[in-house]
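Residue numbers begin at 1 in each chain, while the letters A, B, ... track the order of the sequences. Basis for what follows: all heavy atoms, side chains included, without hydrogens, waters or symmetry-related copies.
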Amino acid sequence: MKALELPPTYDPSTIERAIYQRWMDAGVFTADNASDRDPYVIVIPPPNVTDVLHMGHGLNNTLQDVLIRFERMRGREALWLPGTDHAGIATQNVVERVIAQEGLTRHDVGRDAFVKRIWSHVETKGSTILEQLKAIGASCDWSRTRFTLDEEYSRAVIKVFVTLYHEDLLYRGHRVIHWCPRCSTSLSDEEAEFHDRTAQLYHIRYRLRDEPQRHVVVATTRPETMFGDVCLVFHPDDERFADVNGRSVLIPLSDIEIPIGTSDHVEQDFGTGMLKVTPAHDANDFDIANESPLDLDRPVVIDEHAKMTNIDRVPVSLQGLDRDEARKQTVELLEKAGLMDRIEPYEHRVRKCYRCHTIVEPFLSDQWFVKMKPLAAPALAAYRQGDIRFVPERWGKVYENWLEDIRDWNISRQLWWGHRIPAWYCTSESCGKTIVAESAPNKCECGAVLRQDEDVLDTWFSSWLWPFATLGWPNKTPDVRRFYPNHSMVTGPDIIFFWVARMIMAGFHFMGEKPFTTVYLNGMVRDTQNRKMSKSLGNGIDPLHVVERYGADALRYTVVAGSATGADVNLDPDDLDTSFAVGRNFANKLWNIGRFILTNLEKPVTPIAAIDAGQMELADRWILARTQRAVTETTEALDAFRFSETANTIYHFLWDEVADWYIEQVKPRLGQDGPSGEIARSVLGRTLHRRAVTGRCRPLYSR
RNA sequence: GGGCGAAUAGCUCAGUUGGUUUAGAGCGCCUGCCUUACAAGCAGGAAGUCGGGGGUUCGAAUCCCUCUUCGCCCACCA
């Protein structure tokens, strides 16, 4: 390569791709499970298979790449394992939208055909994000790419389900869960996110049955659910209602008689102190009904489409109406009947589906749950003993608090895209046996036909196995032996509950060991108004566009330098030149330093080891000392996950000390033929050699 | 109702356990330079009561208290 023929201004588009190809051809990203080097492993937070690269991925993956390259340079057997997540709800939604354009629903298409349709979508459109990661320079071991629905991976998922079942840590339960009427599936507690909103608190009059001129007032935000009421309760200490205890009231508009009882779940200060209990439509009410000494029914008045059911408890005029319309009409009917005491504006929180933001409906149904308390115990202990560390530390508390108060995990989803639940039910009513097994039995012991559970597993029920299932578990593969546990987990704090905590629990339970040592939580990428970058706000920056304009290094340097440990990165989508100036300018500077050195290395160079310190000039010794200092500082900073400090150190060392000071200082000597020139050239070359970092002498840009 | 984070030059941000900083960088701005690696550059410069108030200390942007403004997370007050 003749440096003088290169353009003075760095043009990354012509260079980066070729260098990446050289790395690939040389196989430098491929980890060797038979080497005697100390392993260093990171598994990528698998992006959704249909995802398109955004700045969040850019930041997250750059940080991982920095760590993996640092350890690779240090001489460790570095494995960065890539892959994608099938992302049950998200992917199914994408393909449902596609077929909707053909006027079809998934039910029109049918289960098998629809799943095939998703597979073909995934095969053609999927995994582009992995190609995009290559464009930003990610040094993943692509030979080990995994997908959560791979055959081998799926076997691990099924095995885990069956194992937990036999350990009595997994069960089928009948209870009120969060239901998304749009996605028509149940959700875990974590998937139903709280959102503030202003609503109305309706105060409704329930007449006493034996004293119709008298009524008790109950406050609710969801009047349409009252047809599912089974009783009213007040706090046992509440004197105000002592005289109605044990008596009964009539549900307005339907005149169904329900009793009044007590429960210490009731907050005396809230509303009127009298609570309506609707066990099929509120998890808390379900518990109250279960704890009640009365034999209470659980009538379902809102169905899975969020429509009023046709049971005769529901007034005919309301049957089949959407929940919002039903609410409106219920309110009107109550007002007409003089049973609406008052309506107050009310600030409260509703839960929304994390995928489509539809308000979820509490729904009574059969779902599979994992008992979490026993799994949480070792995960909690490991954190408290300091075996697992969070950076920044404060996230450790978040993790700890969640685990301390963990609730059982609803893992069944009424979707078609995912791992089908390995449970079979005997169709004979007299038998009714449930069989949970890795492979399908032909028939029940009783001789009757078995029917497999229709549901699939929560996406997170597969990704919580990611640190070891990607290595080939449950087989005892060389990769499992060599690369588990992993070392660093780099991800966002928003999925501590969804993913990080669960991986730790799974790691201890199935591998008997923590999945990784350090969890690094990176910040969010935001715009200049501090808003999260998102498609809907239109304030996103396309990382590939940045790569095209300024190069991957400019992108990478900018995001790494731009955030302190775990802090958010702010960038201006309307001014990319300014946003990425630091990275672009620095990449250009590096290019020119390199160009300058290469020009001079065409002349003879004395090997650095052969130079006696006494022959060096003060400037030579100075820059070598500064080089050593930069190496030390960089190493210390990276060991402590202080990425921006690393970036800063390298920047000032190369720019201020090497370029502005040393190069300018030795320029007159560089062209000379004698020892002085040879030494200057050698020392200059040394400042950019990775040997400075690793003790092995190879050029910066190769293995 | 709990918990957490942020507030430092016009803009975007560093500042690791209180003291080598009389507060740093990039962009922008001002002055002079096309000095053959780089004008995406070089030499130099202006610019901040480190959100307000109080406290601890010989010493605080850094620790404590409090207030203000943004942002985030958790929670079975319907």
[X]: partners by side-chain hydrogen bond (donor to acceptor under 3.5 Å, both in side chains), with sequence neighbours left out:
X	value
A:E224	A:R327
A:E347	A:T198
A:W179	none
A:N570	A:N530

Discussion item. Run the salt bridge (charged side-chain N to carboxylate O under 4.0 Å, His left out) test against A:D656 and tell me which residues pass, sequence neighbours left out.
Written reply: none

Worksheet item: Taking only residues two or more places apart in sequence or in another chain, which ones pass salt bridge (charged side-chain N to carboxylate O under 4.0 Å, His left out) with A:D196?
Response: none

Say we look at [N] and [M]: how far apart would their [atom1] atoms be, to the nearest angstrom?
N	M	atom1	result
B:C73	B:U66	P	25 Å
B:A6	B:G48	P	25 Å
B:C72	B:C76	C1'	23 Å
B:A9	B:A14	P	12 Å
B:G18	B:C33	P	48 Å
B:U22	B:U68	C1'	31 Å
B:G45	B:C50	P	23 Å
B:A7	B:A43	P	31 Å

Worksheet item: Is there a donor on the side chain of A:E664 or the base of B:A37 sitting less than 3.5 Å from an acceptor on the other?
Response: yes

Discussion item. Counting the benzene-type ring for Trp, do A:W460 and A:W409 have ring centres under 6.0 Å apart?
Written reply: no

What is the distance, rounded to the nearest whole Å, between atom [atom1] of [X] and atom [atom2] of [N]?
X	N	atom1	atom2	answer
A:Y10	B:C38	OH	C1'	14 Å
A:E636	B:U17	CD	C1'	14 Å
A:L654	B:C38	CG	C1'	14 Å
A:W661	B:C38	CH2	P	22 Å
A:I593	B:G41	CD1	C1'	12 Å
A:W591	B:G41	CH2	C1'	17 Å
A:E404	B:G2	CD	C1'	14 Å
A:F586	B:U12	CZ	P	24 Å

Show which side-chain atoms of residues 663-670 of chain A pair as donor or acceptor with protein atoms under 3.5 Å away, not counting sequence neighbours.
residue: A:E664; atom: OE1; partner: A:K667; partner atom: NZ; Å: 3.4
residue: A:E664; atom: OE2; partner: A:K667; partner atom: NZ; Å: 3.3
residue: A:R669; atom: NE; partner: A:S676; partner atom: OG; Å: 2.9
residue: A:R669; atom: NH1; partner: A:D620; partner atom: OD1; Å: 3.1
residue: A:R669; atom: NH2; partner: A:D620; partner atom: OD1; Å: 3.4
residue: A:R669; atom: NH2; partner: A:D620; partner atom: OD2; Å: 2.8
residue: A:R669; atom: NH2; partner: A:S676; partner atom: O; Å: 3.3

Discussion item. Holding to ring pair (Phe, Tyr, Trp, His ring centres under 6.0 Å), I want the full list of residues that pass it with A:F580, two or more places apart in sequence or in another chain.
Written reply: none

So what does [X] hit on the nucleic acid, given a heavy-atom distance under 4.0 Å: a base, only sugar-phosphate, or nothing?
X	answer
A:L571	nothing
A:A659	base
A:W655	sugar-phosphate

Worksheet, complete the sentence: Scoring nucleotides 68-78 of chain B by protein non-hydrogen atoms under 4.0 Å (B base, S sugar-phosphate only, - none) yields ------SBBBB

Response to the item:
The contact string for nucleotides 23-34 of chain B, one letter per nucleotide 5' to 3', using protein heavy atoms under 4.0 Å with B, S and - for base, sugar-phosphate only and none, comes out as ---SS-------

Item to complete: Could you pick out which residue, A:R394 or A:K667, lies toward the 5' side of RNA chain B when each is mapped onto its nearest nucleotide?
Response: A:R394

Worksheet item: Between A:N522 and A:T491, is any pair of side-chain heavy atoms under 4.5 Å apart?
Response: no

Discussion item. What's the closest nucleotide to the side chain of A:R595 if the choices are B:G5, B:A37, B:U16?
Written reply: B:A37

Worksheet item: Closest to the A:N570 side chain: B:C42, B:U12, B:A37?
Response: B:U12

Practice prompt. Identify which one of A:S365, A:S188, A:S186 satisfies the side chain to side chain donor-acceptor pair (under 3.5 Å) criterion when paired with A:N410.
Written response: A:S186

Discussion item. Could you spell out the base pairing of RNA chain B as a dot-bracket line? Use Watson-Crick and G-U wobble contacts where both distances are under 3.5 Å, [ ] for crossing pairs, | for partners on a different strand.
Written reply: (((((((..((((.....[....)))).(((((.......))))).....(((((..]....))))))))))))....

Practice prompt. Would you list the pairs meeting side-chain hydrogen bond (donor to acceptor under 3.5 Å, both in side chains) in which at least one residue belongs to residues 572-582 of chain A, sequence neighbours left out?
Written response: A:Y550-A:D577, A:D575-A:T578

Fill in: Aromatic A:F369 / basic A:R175 pairing, under 6.0 angstrom, 45° off normal
yes

